[in-house]
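Note sheet for the following structure.
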Amino acid sequence: MYTQGFLTGALSAAAVYAIYTVLVEGSLSGIKQSSNHDAEFHKNDIASGEDILKYGVPNRGPALRYYRNHILAYDQSKRTPVWVAEHLTKEKLHGNADRRKSKFRPDPAVPSMFSSGNGDYLGSGWSRGHMAPAGDNKYDQEAMDDTFYLTNIVPQDMENNAGFWNRFEMFCRDLTKQFTDVRVISGPLALPNLEEDGKKYVKYEVIGDSMVPVPTHLFKVILTENAETDQHSQFLGAFIVPNVPISSEHKLQKFQVPLEDLERVAGVTFFDKLDKGQVQDLCSSDRCQLIPQKHFEMHFIGRRMENAKTVEELENIWNEMKNKKSKPTKDIKNLYEERKEELMPDRMRAELK
DNA sequence: CTGTTAACC
DNA sequence: GGTTAACAG
């Protein structure tokens with residue numbers, strides 16, 4: 001397609017035909033055409049793989065790696081995953097696994113020359129973004145620990161990671177409330193950019209001594225189904241999100257793309273064995289709503305209030321929120337009053353009486 | 001929840 | 001270096 005476009009754009013139709021006849025038919029130079037009659041000759045001419053690969057195949061391709069609760073294809077030349085697949089269920093989202101007990105570290109199974117290190121990310125300006133989220137593995141500490149291997153990590157914009165992408169991951173988890181099975185495949189992309197000279201270039205920063213590529217975009221493919229009900233209704237959505245801060249004004253659907261478009265740029269097909277004819281659009285019926293930014297903020301303000309150790313700290317959180325002009329919800333206000341009462345020293349309480 | 005940085009032994 | 005505490009979206 002590209003070749004044809006290039007040729008017809010640069011040359012006349014007659015010239016194109018001339019080139020065609022030279023290359024394919026060999027009519028002008030008298031080159032003997034190869035035909036099906038020669039097939040046997042070529043067949044015998046094929047070298048034996050045993051000979052060529054006597055000393056093994058180059059071990060540089062994407063390799064499948066299996067962990068407790070996710071599987072990924074790892075690109076050793078980029079020190080990042082190509083894709084990471086996981087299976088979300090309600091059960092896996094509940095438990096006592098604590099991310100504070102986990103540490104980012106290289107997967108010991110990956111040769112160090114093909115692995116990134118924490119030092120690559122330190123001071124780089126980019127955060128270590130999980131592809132399989134830690135929060136999807138509350139049921140098991142070791143499964144959560146697995147997600148902290150750097151094989152599962154890509155350089156990600158901090159605000160994107162903590163904000164939009166975070167809410168995107170929450171959205172995936174919330175889907176388990178409607179569906180028994182949620183399958184998610186995530187990964188980095190390096191997409192071409194149209195530059196001033198009118199040409200497209202793939203350009204990305206690399207960080208640290210390992211030169212870890214900073215993806216221009218991240219993708220997710222989500223497939224949901226209900227095993228319990230007889231209806232085979234499955235829903236699928238593919239998304240490409242730029243690796244930059246994304247304001248809460250943007251809806252998730254803005255980043256939805258046809259699955260094939262993603263597959264084309266990712267160089268991978270997803271859910272190959274799925275009968276796509278039966279599958280419906282995940283985002284139909286208004287199903288692709290991220291949790292509202294306000295609820296998102298209030299959730300963490302609530303957590304901070306619960307952890308506040310002094311009245312001053314509590315007041316600071318309260319005032320900080322007010323300064324941001326985000327009005328507290330009723331729950332937050334109740335929590336504030338509650339904590340205030342709890343943290344109030346006995347003597348102060350006595351003085352009030 | 002998502003993370004980083006600074007300080008410490 | 002590994003762990004802890006404080007901080008930020």
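Just so you know, these numbers use all the heavy atoms, side chains as well, and skip hydrogens, waters and symmetry mates. Quick note on labels: first sequence line is chain A, next is B, and so on, each numbered from 1.
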Query raised in the report: Do other residues, nucleotides or ligands put more than 12 heavy atoms under 6.0 Å from the NZ atom of A/K90?
Result: yes
Sequence neighbours excluded, every pair satisfying salt bridge (charged side-chain N to carboxylate O under 4.0 Å, His left out) that has a member inside [range]:
range: residues 118-138 of chain A; answer: A/D136-A/R173
range: residues 277-289 of chain A; answer: none
range: residues 201-217 of chain A; answer: none

[X]: which residues meet the side-chain contact (heavy atoms from CB on, under 4.5 Å) condition with it, sequence neighbours left out?
X: A/I291; answer: A/R167, A/M170, A/D174, A/F296
X: A/P245; answer: A/D157, A/E159
X: A/P108; answer: A/R105, A/Y149
X: A/S48; answer: A/E50, A/D51

[atom1] of [X] versus [atom2] of [N]: gap in Å, rounded?
X: A/M298; N: C/dG9; atom1: CE; atom2: C1'; answer: 14 Å
X: A/D174; N: B/dC1; atom1: CG; atom2: P; answer: 14 Å
X: A/R167; N: B/dT2; atom1: CZ; atom2: P; answer: 15 Å
X: A/D157; N: B/dT2; atom1: CG; atom2: C1'; answer: 12 Å
X: A/I291; N: C/dG9; atom1: CD1; atom2: C1'; answer: 13 Å
X: A/F171; N: B/dC1; atom1: CZ; atom2: C1'; answer: 17 Å
X: A/R173; N: B/dT2; atom1: CZ; atom2: C1'; answer: 9 Å
X: A/I317; N: C/dA8; atom1: CD1; atom2: C1'; answer: 12 Å

Report summary line: For A/C283, the disulfide bond (SG atoms under 2.5 Å apart) test, sequence neighbours excluded, returns A/C288
Query raised in the report: Which dot-bracket string describes DNA chain B (Watson-Crick N1-N3 plus N6-O4 or O6-N4, or G-U N1-O2 and O6-N3, all under 3.5 Å; [ ] crossing; | other strand)?
Result: |||||||||
Give me the distances for all protein-to-nucleotides 3-5 of chain C N/O pairs that come in under 3.5 Å?
{"unit_1": "C/dT3", "atom_1": "OP2", "unit_2": "A/K103", "atom_2": "NZ", "d": "3.4"}

Query raised in the report: Ring centres of A/F239 and A/F255 under 6.0 Å apart?
Result: no
Query raised in the report: Which part of the nucleic acid, if any, lies within reach of A/G135 when heavy atoms closer than 4.0 Å are counted: base, sugar-phosphate only, or nothing?
Result: sugar-phosphate
Report task. Heavy atoms under 4.0 Å is the rule here; annotate nucleotides 3-9 of chain B 5' to 3' with B where the base is hit, S where only the sugar-phosphate is, and - elsewhere. Result -> BSS----
Show me the donor-acceptor pairs within less than 3.5 Å that the side chains of residues 182-193 of chain A make with the rest of the protein, sequence neighbours left out.
{"unit_1": "A/R183", "atom_1": "NE", "unit_2": "A/E225", "atom_2": "OE2", "d": "3.4"}
{"unit_1": "A/S186", "atom_1": "OG", "unit_2": "A/K220", "atom_2": "NZ", "d": "2.9"}

